[in-house]
There are 2 protein chains.
Amino acid sequence: MSDVFAALADSTRRALLDRLFSQNGQSLSDLHHGMEMSRQAVAKHLHILETANLVSVHWQGREKLHYLNPVPLGEIVHRWVGKFEDARVEALTDFKKQLEKPPATEQEKRRA
Amino acid sequence: MSDVFAALADSTRRALLDRLFSQNGQSLSDLHHGMEMSRQAVAKHLHILETANLVSVHWQGREKLHYLNPVPLGEIVHRWVGKFEDARVEALTDFKKQLEKPPATEQEKRRA
DNA sequence: TTGACATGCAACTATATGGTTGCATATAAG
DNA sequence: CTTATATGCAACCATATAGTTGCATGTCAA
């Protein structure tokens, strides 16, 4: 459950999540198919997604099936981003005010 | 407006956004204050946030004031994460079903 | 049992990243 | 004018990251 944000930073990993979104429960070979890199590279990315708890796995004989883990994406990211989202309209208003009418004193200029 | 996800991957940068959240319109020196790294390191992080369009700046004399840019955080991240969030409950149900009662045929096993 | 398939492990490489220091430039203040 | 403050630019360094290749192991099928 290490760094979810770091796990999401790589476009290949986001692509893997996309592929799992459109087709859940795929094996490494499935996910590797059509990708422009070695199977091992894909395996590493999947392991990072596993470690970040974004993907959970289920062994089926010799195949390791990968499933989107729905929890942390919503929990962590949405919660963190939501904090800023909540202030969106308000901040936008403040920002415009700031540009239109800069305050007078030094303190106010910097702290407004 | 480069990679928002990459910009969010670093904890220092997320901390900077946090600081701007609690106090908008701070200068580089303000934001550097209390941080365990050089001013130049902070400047680099801020520049990455600027490039990702997460922070916008406003020159006030010799001071460069930094403001949270409310748009892309909500737009990009929330939209991308939301795609997965929408399928949260549904996916959770599917996942449990999968574990409880694995399908019969090879095809179904892998493609269910 | 033998061979094919699916995955894992380990070593290695190149580049990206996060940090440093030193110096230059622009604005504000005495 | 001189000095202090705020920032920018550039070179440099250490480590993290994303990729490779080669080989080992476990499972399925003939």
Side-chain angles (χ1 to χ4, degrees), chain A residues 2-17 19-20 25-52 54-67 102-111, chain B residues 2-17 19-20 25-52 54-67 102-111:
Chain A
S2 64
D3 196 340
V4 175
F5 288 99
L8 292 178
D10 186 86
S11 64
T12 300
R13 288 194 285 273
R14 292 198 300 275
L16 285 170
L17 293 179
R19 292 181 75 150
L20 285 179
Q26 295 187 67
S27 71
L28 168 59
S29 300
D30 289 337
L31 291 164
H32 172 232
H33 193 259
M35 287 235 147
E36 295 264 305
M37 66 183 65
S38 69
R39 176 182 54 82
Q40 285 83 350
V42 177
K44 281 192 185 177
H45 283 300
L46 286 172
H47 193 257
I48 290 172
L49 291 172
E50 248 184 277
T51 304
L54 292 169
V55 159
S56 50
V57 296
H58 180 215
W59 278 95
Q60 189 99 34
R62 64 182 166 181
E63 285 187 326
K64 189 185 192 180
L65 304 184
H66 299 77
Y67 296 87
T105 75
E106 276 308 305
Q107 268 298 56
E108 281 167 354
K109 272 182 190 169
R110 297 175 54 220
R111 302 303 182 189
Chain B
S2 65
D3 197 340
V4 174
F5 288 99
L8 292 178
D10 186 86
S11 64
T12 300
R13 287 194 286 272
R14 292 198 299 275
L16 285 170
L17 293 179
R19 293 182 75 151
L20 285 179
Q26 295 188 68
S27 71
L28 169 58
S29 302
D30 291 336
L31 291 165
H32 172 231
H33 192 260
M35 288 234 149
E36 295 264 305
M37 66 182 67
S38 69
R39 176 182 54 82
Q40 286 81 351
V42 178
K44 281 192 184 178
H45 284 300
L46 286 171
H47 193 258
I48 290 172
L49 291 172
E50 249 184 277
T51 304
L54 292 169
V55 159
S56 50
V57 295
H58 180 215
W59 278 95
Q60 189 98 35
R62 65 181 164 182
E63 285 187 326
K64 189 186 192 180
L65 304 184
H66 299 77
Y67 297 87
T105 75
E106 276 308 306
Q107 268 297 56
E108 280 167 354
K109 274 182 190 169
R110 297 175 54 220
R111 301 303 180 188

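Every chain is numbered from 1 and lettered A, B, ... according to where its sequence line falls, protein lines coming before strand lines.
Distance from the side chain of A41(B) is smallest to dT20(C) among dT20(C), dA18(D), dG19(D). In this structure, of dG8(D), dG8(C), dA18(D), it is dG8(C) that holds the atom nearest to the side chain of K64(A). Taking only side-chain atoms of W59(A), from C-beta outward, the nucleotide of dA18(D), dG8(C), dG19(C) with the closest atom is dG8(C). Distance from the side chain of H45(A) is smallest to dG19(D) among dG8(C), dG19(D), dG19(C). When the nucleotides dG8(D), dG18(C), dG19(D) are ranked by their closest atom to the side chain of R39(B), dG8(D) comes out on top.
Summarising the geometry, the separation between CG on D10(B) and P on dT15(D) is reported as 17 Å, rounded to the nearest angstrom. Protein atom CD of Q26(A) is 15 Å distant from nucleotide atom C1' of dA6(C), rounded to whole Å. The distance between atom CZ of R62(A) and atom C1' of dT7(C), rounded to the nearest whole Å, is 10 Å. The distance from atom CG of L46(B) to atom P of dA6(D) is 15 Å, rounded to the nearest whole Å. Rounded to a whole Å, the CG atom of D3(A) is 14 Å from the C1' atom of dT17(C). For the pair H33(B) NE2 and dA6(D) C1', the interatomic distance rounds to 15 Å; values are reported in whole Å. The nearest whole Å value for the distance from the CG atom in L49(A) to the P atom in dT17(D) is 14 Å. Atom CG in L28(A) sits roughly 12 Å away from atom C1' in dC5(C) (whole-Å rounding).
Here the rule is side-chain hydrogen bond (donor to acceptor under 3.5 Å, both in side chains) with K64(A), and of H58(A), E50(A), Q26(A) only E50(A) fits it.
With hydrogens and angles disregarded, a donor-acceptor distance shorter than 3.5 Å links the side chain of H32(A) to the backbone of M37(A). R13(A) contributes a side-chain N or O that, together with a main-chain N or O of A6(A), makes up a donor-acceptor pair within less than 3.5 Å.
For S29(B), a side-chain nitrogen or oxygen approaches OP1 or OP2 of dT7(D) to under 4.0 Å.
Residue whose closest nucleotide on DNA chain D sits further toward the 5' end, between S38(A) and G61(A): S38(A). Nearest-nucleotide assignment on DNA chain D puts the 5′-proximal partner with K44(B), out of K44(A) and K44(B).
Looking at V55(B) and L17(B), their side chains come closer than 4.5 Å, going by heavy atoms from C-beta outward. In this structure the side chain of L16(B) reaches within 4.5 angstrom of the side chain of M35(B), judged on heavy atoms.
A donor-acceptor contact under 3.5 Å links the side chain of Q40(A) to the base of dG22(D).
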